[in-house]
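Okay, structure first, notes after.
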Amino acid sequence: MALFATDHDLDRQFAALSRQLDDLRKALARRGDAYYEDGREAGSDYYSQLADRLHEALPAITRRGRALERTARDHPATAAAVGLVVLGLLAGLLISRR
């Protein structure tokens, strides 16, 4: 029984390992493609569901926006005060994150 591998044995083992590595790369590429396709389909489904919900809610959003616009036009000082409060809150949140 030989204790040392010959150059021929090492070359054969290296070639076998290279083939196995190529097979693994191909399998991983197929899996990656499948995962990408699944993720793309899921994203597309979520987008279409969101678009449907927004389309259904758009009339209510428009009505609320018009009511808010009328209120702001009727009470400009209150609208300005609310705007300043919102800007202050946003500035506070940005500063507190640092």
Side-chain angles (χ1 to χ4, degrees):
M1 185 163 111
L3 293 176
F4 299 104
T6 64
D7 286 343
H8 180 67
D9 290 339
L10 288 176
D11 289 341
R12 224 174 13 147
Q13 288 177 353
F14 183 74
L17 287 173
S18 293
R19 284 191 301 271
Q20 289 177 353
L21 187 59
D22 287 341
D23 291 343
L24 285 172
R25 284 184 187 141
K26 289 176 187 174
L28 285 174
R30 284 191 300 270
R31 277 193 182 163
D33 289 344
Y35 287 143
Y36 174 77
E37 185 64 29
D38 291 345
R40 191 174 66 81
E41 287 177 9
S44 177
D45 289 344
Y46 289 137
Y47 176 76
S48 66
Q49 289 175 4
L50 180 63
D52 289 343
R53 288 183 181 177
L54 281 176
H55 182 69
E56 292 171 1
L58 195 58
I61 293 170
T62 304
R63 280 193 306 274
R64 300 266 174 132
R66 286 182 185 144
L68 182 61
E69 182 182 359
R70 267 185 262 123
T71 303
R73 202 176 298 133
D74 293 343
H75 307 285
T78 305
V82 169
L84 289 175
V85 168
V86 169
L87 286 176
L89 288 174
L90 289 174
L93 285 173
L94 290 174
I95 291 172
S96 69
R97 285 193 171 184
R98 293 181 184 179

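Because only heavy atoms are used, hydrogens play no part in the values below, and waters and symmetry mates are left out as well, while side chains stay in.
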Next item on the list: Report the distance from atom CZ of Arg66 to atom CZ of Arg70, rounding to the nearest 0.5 Å.
Entry: 8.5 Å
Checklist line | Arg40 with Glu37: basic N within carboxylate O range, under 4.0 Å | finding: yes
Check: What distance separates Ile61 CD1 from Leu68 CG, expressed to the nearest 0.5 Å?
Finding: 13.0 Å
Notebook entry, point to check: What residue among Leu93, Val85, Leu87 forms side-chain contact (heavy atoms from CB on, under 4.5 Å) with Leu89?
Noted result: Val85
Check: To the nearest 0.5 Å, how far apart are CG in Asp23 and NZ in Lys26?
Finding: 6.0 Å
Next item on the list: Could you tell me whether Arg19 and Asp22 have a side-chain N and a carboxylate O separated by less than 4.0 Å?
Entry: no
Margin query: Between Thr62 (side chain only) and Leu58 (backbone N and O only), is there a donor and an acceptor less than 3.5 Å apart?
Written below: yes
Note to self: What I want to find out is whether Arg30 reaches Asp33 closely enough, with some N-O distance under 4.0 Å, to be called a salt bridge.
What the structure shows: no
